[in-house]
Amino acid sequence: TNTELVVAFLAAVKLVQPSFPIPPNQAGTVDQYMVHLRQTVRPEWHEQLALMVQRFIQQKGQVDMQKWSTAVDLTAQRAGFIVANDLALAARFIQMEPATVGGLSAKDKIKELVLYAISEEYFELREHLGITIG
């Protein structure tokens with residue numbers, strides 16, 4: 001759930017930035033996640049995580065899991081479109097996805113995909129992949 005993702009994110013931040021303030025109502029759960037992270041996060045990942053957390057804090061980032069979740073959905077839909085190389089097929093699959101509370105509608109997701117399909121970013125990626133149109 002988005003709540004669990006927030007707690008896991010806060011635990012990762014606190015793992016490398018122990019002084020990071022955690023809301024009191026989430027402190028216990030964050031501590032439980034930290035126990036697990038201490039056991040599973042490899043030392044070589046620790047440094048990378050610390051750099052990302054420092055960047056997040058410097059930019060005064062806010063934890064917005066709904067925005068993140070939407071970005072993940074749109075990225076997955078773009079990847080599916082690129083693999084299928086068929087905009088109509090990708091749109092049909094988007095229409096078949098279950099609706100999520102607070103998420104974009106199928107119509108809005110398809111609109112975003114169409115905008116991507118005509119973007120410079122998309123054509124640059126096609127060129128990089130060697131699938132340009134003649």
Side-chain angles (χ1 to χ4, degrees):
T1 66
N2 280 345
T3 302
E4 290 172 320
L5 286 172
V6 168
V7 170
F9 175 80
L10 292 173
V13 170
K14 191 149 180 83
L15 181 68
V16 295
Q17 195 72 278
S19 63
F20 189 80
I22 302 296
N25 64 328
Q26 294 177 317
T29 312
V30 167
D31 287 343
Q32 289 175 356
Y33 269 79
M34 282 185 54
V35 169
H36 177 69
L37 289 178
R38 283 190 184 108
Q39 296 170 353
T40 56
V41 174
R42 296 180 183 173
E44 60 267 21
W45 297 346
H46 224 268
E47 186 177 329
Q48 292 175 334
L49 178 60
L51 290 171
M52 297 306 295
V53 166
Q54 185 175 0
R55 188 179 307 159
F56 172 78
I57 291 171
Q58 286 174 345
Q59 295 174 352
K60 295 182 179 24
Q62 297 293 317
V63 179
D64 185 345
M65 286 299 153
Q66 186 60 49
K67 184 177 177 181
W68 176 82
S69 181
T70 298
V72 168
D73 281 347
L74 294 175
T75 300
Q77 290 150 7
R78 289 176 178 186
F81 166 55
I82 290 164
V83 170
N85 198 27
D86 186 331
L87 186 58
L89 180 64
R92 273 185 283 170
F93 273 95
I94 289 171
Q95 289 174 328
M96 292 173 16
E97 291 177 356
T100 57
V101 177
L104 295 176
S105 67
K107 182 180 176 181
D108 288 334
K109 290 177 184 179
I110 292 168
K111 177 184 171 189
E112 289 295 324
L113 188 61
V114 169
L115 290 172
Y116 175 70
I118 60 172
S119 72
E120 191 64 34
E121 179 184 17
Y122 171 65
F123 289 107
E124 287 174 4
L125 178 61
R126 286 181 60 93
E127 183 177 342
H128 178 75
L129 295 174
I131 53 176
T132 58
I133 299 172

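Start at 1 with the first residue, then count along the sequence. Only heavy atoms go into these numbers, but all of them, side chains included; no hydrogens, no water, no symmetry mates. Worth saying up front: this structure is predicted, and the values here are computed from it rather than measured.
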- For the residue pair Ile82 and Tyr122, what are the closest heavy atoms and their distance? CG1-CE1, 4.1 Å
- Task: Take atom CZ of Phe93 as the centre, draw a 6.0 Å sphere, and report whether it contains more than 12 heavy atoms from other residues, nucleotides or ligands.
- Result: no
- Note on the structure: Note: Phe20 and Ile57 closest approach over all heavy atoms is CD1-CD1, 3.9 Å
Show which side-chain atoms of residues 104-117 pair as donor or acceptor with protein atoms under 3.5 Å away, not counting sequence neighbours.
unit_1, atom_1, unit_2, atom_2, d
Ser105, OG, Asp108, N, 3.1
Ser105, OG, Asp108, OD2, 3.3
Lys109, NZ, Glu97, OE1, 3.1

- Message: Taking His36's backbone N and O only, do any of them form a donor-acceptor pair with Thr40's side chain (distance below 3.5 Å, no angle check)?
- Response: yes
- Would a 4.5 Å heavy-atom cut-off, applied to side chains only, mark Leu5 and Trp68 as touching? yes
- Establish whether Met52 and Val30 are linked, either directly or via other cluster members, by ILVMFWY side-chain heavy-atom contacts under 4.5 Å. no
- Query: Would a 4.5 Å heavy-atom cut-off, applied to side chains only, mark Gln77 and Leu74 as touching?
  - Reply: yes
- With side chains defined as the heavy atoms from C-beta onward, is the minimum distance between Glu4 and Thr29 less than 4.5 Å? no
- Message: So which atom in Leu10 and which in Pro23 form the shortest heavy-atom distance, rounded to 0.1 Å?
- Response: CD1-CD, 4.3 Å
- Phe9: what forms a ring pair (Phe, Tyr, Trp, His ring centres under 6.0 Å) with it, not counting sequence neighbours? Phe56
- Mind checking whether Phe123 and Ile131 sit in one hydrophobic cluster, side chains of I, L, V, M, F, W, Y counted as touching below 4.5 Å? yes
- Message: Counting only heavy atoms not in Glu47 (residues, nucleotides, ligands), do more than 12 fall under 6.0 Å from its CD?
- Response: no
